[in-house]
Amino acid sequence: MVMKEKNTSRIIIKNDKTKNDFVKRMIMAKAVLAPLSGITDIPFRLMARRFGCKFAFTEMIDVNGIIYKNKKSFRLLDRIPGDEPLGVQLVGEDIERFVSVAKICEEKGFKLLDINAGCPARKVVTLGKGAALMKDPKKLARIVGRLVKELSIPVTVKIRSGWDENNINYLKVAKAVESEGASAVGFHVRTREQMYKGEVDRSLIFKLKEKINIPVIASGNIFSAEDVKNVFKSTGCDAVFIARGALGRPWIFKEIEEGSREEWVPEFEELKNIIKEHFYLNLEYYDFIHARKRMYKHLTWYLKKYKNLHEIMKEYTNIKDMRSLEKLLKKLRVGEKKKLYL
Ligand SMILES: Cc1cc2nc3c(=O)[nH]c(=O)nc-3n(C[C@H](O)[C@H](O)[C@H](O)COP(=O)(O)O)c2cc1C
């Protein structure tokens, strides 16, 4: 059971100790690396941790992929030393499949399991998964209830504010999952219809905090240490999710820890070293072609402040091995008006 002290937003977690130790660790981390599909793989998580990230999530893993023994899905469950504490996120629609896959996660040593009830992608929601679960709070609550019963690790749920502006039901959904034993709620304050665009109305997080007694992790447009401070202050949330704010800026966790007022901009030579390090981490995990492909988007994020990126990326796609990557990075320079050249 999780209780809130009267007149404060402090959460006191009273429950089976080991179960909630992990929830506590997530809250104590304050800034949590959010699940990001196609992005929060082991190399990216390690980069974030190198800059002080204290709690991270896998990307969403489709329960059907695991049930059908899809190799790619199984790889997403891989864990390595140094990548702890780590929560796993599942996306799905079938309660029995959720249970079977959640048990596999538990056997693999995950200590916290999150249910994705927020993914807005058409291919996901048309199959009744992700944000489609917001439309059926009873079903979502049933899934949570079963998982809480069957697992010894805490179950959390990541929700949105609703399906669209005419169906804002986050309070109902959050209360439903709380009453079934969810240990925390992640709250992306946008509707499914908004996808990732538009302003976020943070007053909804404040309202949610008033109504439920489990921790709330706020999500939506949190891009700097200042944003983190403001979100904590204005909403009383227990932790925040860092999502797009970490793309090309894994050091955002350091800025948050230090409470920096200004963004840290690495010297260009240092940035090149960070890129190299991230690439090498990919190579420990993927073959070169796969690593090059996965690093493509990261490179565009690392270099997004600079101009002429298109030309550089053309060269990047021709690299054949680490030597040619290192050569390319060595040649890479910044000229006037932040224009990149080789
Ligand atoms: C590319 C991308 C992939 C995402 N993948 C997931 C995911 O796998 N699971 C999830 O719960 N949310 C996912 N999200 C949502 C984020 O975790 C976060 O809630 C959202 O981006 C809002 O935060 P932001 O505005 O600070 O980016 C994804 C977002 C983006 C942009």
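Every heavy atom of this structure was used, including side-chain atoms; hydrogens, water molecules and symmetry mates were not. Every value quoted in this text rests on a predicted model; they were computed, and no experiment measured them. Just so you know, ligand 1 is whichever comes first in the structure, and atom 1 is the first atom listed for that ligand.
Looking at residues two or more places apart in sequence or on another chain, you find a side-chain contact (heavy atoms from CB on, under 4.5 Å) between Asp164 and Asn166, Asn167, Glu193. In terms of the side-chain contact (heavy atoms from CB on, under 4.5 Å) criterion, residue partners of Ala131 (sequence neighbours excluded) are, by chain and number, Val125, Trp163, Arg192.
A salt bridge (Lys or Arg N to Asp or Glu O under 4.0 Å) with Asp41 is found for exactly one of Lys72, Lys297, Arg294, namely Arg294.
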Measure and list all N/O to N/O distances between ligand 1 and the protein that fall under 3.5 angstrom.
residue, atom, partner, partner atom, Å
ligand 1, 5 (N), Ser37, N, 2.7
ligand 1, 8 (O), Ser37, N, 3.3
ligand 1, 8 (O), Met60, N, 3.1
ligand 1, 9 (N), Gln89, OE1, 2.7
ligand 1, 9 (N), Asn116, ND2, 3.2
ligand 1, 11 (O), Gln89, OE1, 3.3
ligand 1, 11 (O), Gln89, NE2, 2.8
ligand 1, 11 (O), Asn116, ND2, 3.4
ligand 1, 11 (O), Lys158, NZ, 3.0
ligand 1, 12 (N), Pro35, O, 3.4
ligand 1, 12 (N), Lys158, NZ, 3.0
ligand 1, 17 (O), Pro35, O, 3.0
ligand 1, 17 (O), Lys158, NZ, 3.0
ligand 1, 19 (O), Lys158, NZ, 2.8
ligand 1, 19 (O), Ser219, OG, 2.7
ligand 1, 23 (O), Ser219, OG, 3.4
ligand 1, 25 (O), Arg190, NH1, 3.3
ligand 1, 25 (O), Asn221, N, 2.7
ligand 1, 25 (O), Asn221, OD1, 3.4
ligand 1, 25 (O), Arg244, NH2, 2.7
ligand 1, 26 (O), Asn221, N, 3.2
ligand 1, 26 (O), Ile222, N, 3.4
ligand 1, 27 (O), Arg244, N, 3.1
ligand 1, 27 (O), Arg244, NE, 2.7

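The ring-ring contact (aromatic ring centres under 6.0 Å, His included) contacts involving residues 197-250 comprise Phe57-Phe241, where partners must be two or more places apart or lie in separate chains.
Aromatic ring centres of Phe279 and Phe288: separated by under 6.0 Å.
At a threshold of 4.0 Å, the pair Arg146-Glu180 does not count as salt-bridged, since none of the basic side-chain nitrogens sits closer than that to a carboxylate oxygen.
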